[in-house]
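Below is one structure, written out as structure tokens; the observations come after it.
Computation of the quantities below employed the complete heavy-atom set of this structure, encompassing side-chain atoms and omitting hydrogens, waters and symmetry-equivalent molecules. Since we're looking at a predicted model, the values are computed, not measured.
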Amino acid sequence: MNKLLRICIRYVRLYGRFVKFSVISQMEYRINFITAFLVETAYLLIKLLYASVPYRTGTDINGWSPDAVLMYIGVFTIMSGLYSGLFYSNFTGLPAKIRTGSLDVLMTQPISLQFIVTLRQFDLGYTIPNVVGGGIMAGIGWHRLQLPFTWETAGGFVLLLATGVLTAYSVFLLPQMLGFWTIRTNGVTELSNGIFEMNYVPMSVYSNLIQRIGTFVLPVFVICNFPPMFVLGMMNSSMLLWALLAPFWLLLLVRLIWQLALRGYTSASQ
């Protein structure tokens with residue numbers, strides 16, 4: 001147990017250094033940081049316009065009131081910022097590392113290769129406007145719905161945000177690992193983006209079949225739907241249990257496929 005704790009502390013410290021070095025690097029090229037910040041701010045304004053549609057029409061969307069939709073869009077915006085900042089550039093850069101052989105250099109490092117490849121970069125400019133703006137939207141929706149803000153609801157909301165981040169890590173890393181077996185993966189990123197964009201609207205707008213697939217087979221709906229559903233009282237005990245279990249079996253699946261891919265990996269320099 002003490003050894004496991006020491007390993008966890010070591011990797012937490014390493015990730016802290018990754019974040020620190022990423023932020024320092026982005027501050028050296030501030031134009032890139034400012035550009036990313038402004039682009040994400042523009043996208044945030046578009047999401048605000050989207051959020052205004054239910055208010056203008058004054059109708060519910062399959063049981064979601066305008067205020068509930070505002071909370072949902074806030075959560076989607078938060079998760080978009082976290083996904084873009086924490087994972088996107090790391091994941092999309094994996095096929096190039098495999099193809100060019102730069103993965104070989106990282107394999108010599110005395111830490112987990114999956115850890116350094118998938119978490120090395122952190123894009124602050126993409127994260128700040130989305131997390132702040134999304135948090136404000138979710139908070140306004142929560143307040144307008146006059147829902148209780150207790151330790152239980154707030155803790156469950158934050159916990160489901162965390163499980164959503166873990167789920168996003170696995171769901172969107174899986175397709176990028178095709179780079180170990182294929183030469184070109186240009187369509188993979190577009191496919192991943194399309195899957196993520198299924199969360200533009202609450203999953204209740206989709207058919208029952210798509211909801212089941214997106215919840216239990218490829219649990220993309222777990223990422224953005226479960227936090228607001230928990231606050232709104234739309235989750236039963238089985239769904240809550242699945243929300244807690246899904247990230248862990250996905251992480252295990254990703255780990256197994258990663259190890260399988262490395263066993264068949266041949267250096268680009270050979």
Side-chain angles (χ1 to χ4, degrees), residues 36-88 123-149 153-169 171-172 192-207 210-211 214-215 218-235 239-240 243:
F37 186 92
L38 292 176
V39 168
E40 289 304 307
T41 301
Y43 280 126
L44 178 61
L45 294 175
I46 293 173
K47 290 169 186 173
L48 285 172
L49 292 175
Y50 169 62
S52 69
V53 173
Y55 287 100
R56 291 202 304 268
T57 59
T59 58
D60 292 358
I61 301 177
N62 279 20
W64 290 71
S65 68
D67 293 326
V69 171
L70 178 63
M71 179 192 287
Y72 176 83
I73 295 174
V75 171
F76 171 73
T77 303
I78 291 172
M79 300 306 292
S80 297
L82 293 175
Y83 170 62
S84 299
L86 299 176
F87 306 139
Y88 186 78
D123 292 321
L124 187 65
Y126 291 109
T127 305
I128 291 177
N130 284 299
V131 171
V132 173
I136 292 172
M137 284 191 285
I140 292 173
W142 194 324
H143 176 72
R144 288 176 61 91
L145 287 164
Q146 299 181 346
L147 296 170
F149 187 82
T153 55
F157 181 78
V158 173
L159 176 62
L160 291 172
L161 285 177
T163 59
V165 171
L166 293 176
T167 302
Y169 174 89
V171 168
F172 298 107
S192 297
N193 292 340
I195 293 173
F196 187 81
E197 288 171 0
M198 291 181 68
N199 282 300
Y200 268 134
V201 292
M203 68 180 189
S204 61
V205 305
Y206 297 102
S207 68
I210 294 178
Q211 288 185 48
T215 302
L218 184 66
V220 66
F221 291 144
V222 173
I223 299 170
C224 298
N225 283 267
F226 281 13
M229 287 175 64
F230 174 78
V231 176
L232 293 166
M234 295 180 176
M235 293 185 67
M239 291 180 70
L240 185 58

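- Screening residues 220-233 for side chain to side chain donor-acceptor pair (under 3.5 Å) gives Asn199-Asn225 as the qualifying pairs, with residues at least two apart or on separate chains.
- To the nearest 0.5 Å, the span separating CE on Met198 from CD1 on Ile223 amounts to 10.5 Å.
- Only one option out of Phe230, Phe226, Trp142 pairs with Phe157 in a ring pair (Phe, Tyr, Trp, His ring centres under 6.0 Å); it is Trp142.
- One finds the OG1 atom of Thr215 at 6.0 Å from the CE atom of Met239 (value rounded to the nearest 0.5 Å).
- Taking OG1 from Thr163 and CG from Leu166, the interatomic distance works out to 7.0 Å, rounded to the nearest 0.5 Å.
- Ala243 and Met235 make their closest contact through CB-CE, 4.3 Å (heavy atoms, listed as atom of the first residue, atom of the second, distance).
- Sorted by first and then second residue, the side chain to side chain donor-acceptor pair (under 3.5 Å) pairs with a member in residues 79-88 form an empty list; sequence neighbours excluded.
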Side chain to side chain contact (heavy atoms under 4.5 Å, CB included) for Leu240 and Leu160? Distances and angles first, verdict last. CA-CA 9 Å; Leu240 185 58; Leu160 291 172; 4.3 Å; yes

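- When the ring-ring contact (aromatic ring centres under 6.0 Å, His included) test is applied to Phe76, the partners found at least two apart in sequence or on another chain are Phe196, Tyr200.
- Residues Ile78 and Gly134 come closest through the heavy atom pair CG1-C, 3.6 Å.
- A heavy-atom distance below 4.5 Å is not found between the side chains of Leu82 and Asn130.
- Distance check, rounded to the nearest 0.5 Å: CG of Asn193 to CZ of Phe172 gives 8.5 Å.
- Within the 4.5 Å cutoff, no side-chain heavy atoms of Thr153 are placed close to those of Leu147.
- Residues in residues 63-78 take part in these side chain to side chain donor-acceptor pair (under 3.5 Å) pairs, two or more places apart or across chains: Tyr55-Asp67, Trp64-Ser204, Asp67-Arg144.
- Checked against ring-ring contact (aromatic ring centres under 6.0 Å, His included), Phe221 has the following partners two or more places apart in sequence or in another chain: Tyr206.
- Between atom CG of residue Leu70 and atom CD1 of residue Ile136 there is a gap of 11.0 Å, rounded to the nearest 0.5 Å.
- The distance from atom CG of Leu161 to atom SG of Cys224, rounded to the nearest 0.5 Å, is 9.0 Å.
- With sequence neighbours excluded, the residues satisfying side-chain hydrogen bond (donor to acceptor under 3.5 Å, both in side chains) with Tyr169 are Gln114, Thr118.
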